[in-house]
Amino acid sequence: MSTFKPIDLSGLNDDLEASNSIRAQIAEACDKNGFFQVINHGVPVEVTEKLREVSHKFFDLSEEEKLACPRKPEVGGLGYGRHMTCTDSEFQHWREVVEIQTLPLSGREYEYWPQQPADLGEAVEKYTAAVLDLAHRLLAVISENLGLKPAYLRDALGYPNIQQTITFQFYPPCPEPEKTLGMQPHSDIGGITIVMQEAEGLQVFDELNDTWELVPHYPNAFVVNIADQTEIITNGRYKSSNHRVIANSERTRRSYVTHYHPGLDHKVFPAPELVDAKVGPRYREFLYKEYLQAMRVGRVLEKRLLQSFAINNSVIS
């Protein structure tokens with residue numbers, strides 16, 4: 001399998017040979033670095049195109065109009081934010097961003113949803129519902145690849161009491177791309193992430209070769225990646241890899257990132273079926289809100305956050 005070549009999901013429920021091939025490709029990607037791309041994923045084109053349309057309209061608004069959608073005053077807060085600084089600091093980003101929480105329904109703080117364009121809310125609801133279904137189908141395949149029941153990872157991540165957010169990210173041309181990044185290296189903190197990207201710029205760290213691999217842009221494809229909680233539940237079998245977005249001086253890049261998180265009070269721990277009796281679990285049990293609290297004190301970059309939840313801090317990621 002070529003690096004990040006899209007996996008065609010259209011035959012997943014067809015004959016056994018086609019299904020086994022798709023499952024094997026996903027298993028290979030999860031074993032390597034937890035990143036892969038999928039096509040024929042079941043999310044309707046009209047739904048993805050509508051989401052792109054409303055996102056473009058929002059970022060075309062004036063700065064004053066965009067700021068009418070305030071940023072929630074906390075790390076990783078909801079709403080609109082702008083980070084446009086070229087310095088040598090590793091903590092700078094070059095992007096504009098809008099983050100919206102869609103699940104649980106009680107967590108939909110509409111004051112942090114953009115009010116323009118008027119049809120943005122409907123587009124977000126339709127898109128995230130379709131992506132949620134895709135996430136569950138992929139988690140079922142990943143569970144079965146590990147010898148677990150199809151619903152294992154979905155349930156271990158707290159379904160139905162899960163959190164889902166979508167982040168619109170806008171990376172305009174940067175005058176000095178060598179001095180910053182669109183987004184700094186990090187691993188995602190939730191369970192699984194599904195990204196629709198416009199243009200290239202996403203890179204995944206290859207630990208074996210100590211290099212950054214560019215994730216190609218394929219029309220109508222989604223980038224999927226394993227996040228920290230799935231690494232913990234699989235007891236380190238599947239890794240959540242560091243990734244980043246590079247800045248460039250020539251073109252605009254947009255991406256639409258849907259995160260699937262456990263609920264705040266959900267307990268996360270390694271699956272007993274995946275714990276070696278001699279070695280034991282590699283991570284301790286905790287409530288997901290503990291993970292978020294640790295993130296907010298600055299241990300999120302380059303997987304240091306995940307390592308701090310390892311037993312005896314012995315996990316090498």
Side-chain angles (χ1 to χ4, degrees), residues 2-6 29 32-39 48 51-52 55-56 58-60 66 75-76 80-99 165-190 192-228 239-259 295 298-306 317:
S2 301
T3 301
F4 306 122
K5 181 180 178 181
K32 180 185 178 186
N33 57 22
F35 269 80
F36 54 98
Q37 297 203 61
V38 295
I39 56 174
T48 61
L51 190 82
R52 295 178 198 267
S55 172
H56 284 224
F58 175 80
F59 286 114
D60 284 342
K66 286 183 284 192
V75 176
Y80 170 74
R82 176 182 170 89
H83 311 274
M84 295 290 188
T85 305
C86 286
T87 72
D88 293 324
S89 168
E90 64 175 341
F91 298 108
Q92 298 299 322
H93 293 161
W94 184 267
R95 63 173 182 152
E96 295 182 52
V97 59
V98 174
E99 183 171 339
T165 62
I166 182 169
T167 307
F168 295 175
Q169 302 196 106
F170 175 68
Y171 303 93
C174 177
E176 297 179 286
E178 69 282 356
K179 291 186 177 181
T180 190
L181 287 167
M183 179 171 285
Q184 295 292 329
H186 65 286
S187 63
D188 291 343
I189 66 171
I192 190 171
T193 304
I194 297 177
V195 182
M196 179 171 64
Q197 62 171 346
E198 296 179 24
E200 295 175 347
L202 175 62
Q203 294 182 326
V204 179
F205 188 65
D206 180 347
E207 292 187 358
L208 183 63
N209 297 304
D210 195 28
T211 57
W212 288 96
E213 293 185 70
L214 182 70
V215 179
H217 170 245
Y218 293 97
N220 301 317
F222 284 149
V223 180
V224 181
N225 66 276
I226 297 298
D228 289 358
K239 302 291 187 183
S240 63
S241 291
N242 282 327
H243 51 286
R244 68 182 187 182
V245 176
I246 55 175
N248 76 86
S249 60
E250 298 178 357
R251 68 178 186 276
T252 292
R253 179 180 183 270
R254 293 177 173 87
S255 66
Y256 312 85
V257 185
T258 307
H259 295 283
M295 179 191 74
R299 289 183 286 168
V300 66
L301 292 179
E302 299 186 7
K303 300 191 73 172
R304 287 174 292 181
L305 176 62
L306 186 145
S317 298

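Note that the structure is a prediction, hence the values are computed from the model and not measured.
- Side-chain contact between Leu202 and Val195: absent, with no pair of heavy atoms (C-beta onward) separated by less than 4.5 Å.
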>> side-chain contact (heavy atoms from CB on, under 4.5 Å), that's the test. Do Phe222 and Thr48 meet it? Break it down for me.
In response: CA-CA 11 Å; Phe222 284 149; Thr48 61; 4.0 Å; yes
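- Atom CZ of Phe205 and atom CD of Glu213 lie 10.0 Å apart (nearest 0.5 Å).
- Between Asn248 and Cys174, the closest side-chain pair of non-hydrogen atoms is not below 4.5 Å.
- At least one donor-acceptor pair closer than 3.5 Å links the side chain of Asn33 to the backbone N or O of Phe35.
- The line from CE of Met295 to CG of Leu306 is 13.5 Å long, rounded to the nearest 0.5 Å.
- Heavy atoms only, all atoms of each residue included: Leu181 and Gln184 are closest at CD1-OE1, 3.4 Å.
- When all heavy atoms of Ala227 and Asp188 are compared, the closest pair comes out as CB-O, 3.3 Å.
- Note on ring orientation: taking the six-membered ring where Trp is involved, the planes of His243 and His186 are tilted (angle from 30° to 60°).
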> Is there a side-chain contact (heavy atoms from CB on, under 4.5 Å) between Thr193 and Val257 once you walk through the steps?
Replying inline: CA-CA 7 Å; Thr193 304; Val257 185; 3.5 Å; yes
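- Atom CZ of residue Phe59 and atom CZ of residue Arg82 lie 11.0 Å apart, to the nearest 0.5 angstrom.
- Distance check, rounded to the nearest 0.5 Å: CZ of Arg254 to CG of Leu51 gives 12.0 Å.
- Test His217, Arg253, Gln37 against Gln197 for side chain to side chain donor-acceptor pair (under 3.5 Å) and you get one pass: Arg253.
- The pair Lys239-Glu207 fails the salt-bridge criterion, with no side-chain N (NZ, NE, NH1 or NH2) lying under 4.0 Å from an Asp/Glu carboxylate O.
- To the nearest 0.5 angstrom, Ser55 atom OG is 8.0 Å from Met196 atom CE.
- Atom CD1 of Ile192 sits about 13.0 Å away from atom CG of Asp228, to the nearest 0.5 Å.
- Two rings, from Phe4 and Phe36, have their centers 6.0 Å or more apart.
- The shortest non-hydrogen separation linking Pro216 to Glu200 is CA-OE2, 3.4 Å.
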>> Checking Val245 against Gln169 for the side-chain contact (heavy atoms from CB on, under 4.5 Å) test, could you report, in this order, the C-alpha distance in whole Å, the side-chain angles of both residues, the deciding distance, and whether it holds?
In response: CA-CA 11 Å; Val245 176; Gln169 302 196 106; 5.6 Å; no
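- Between the Trp94 side chain and the Tyr171 main chain, no donor and acceptor come within less than 3.5 Å of each other.
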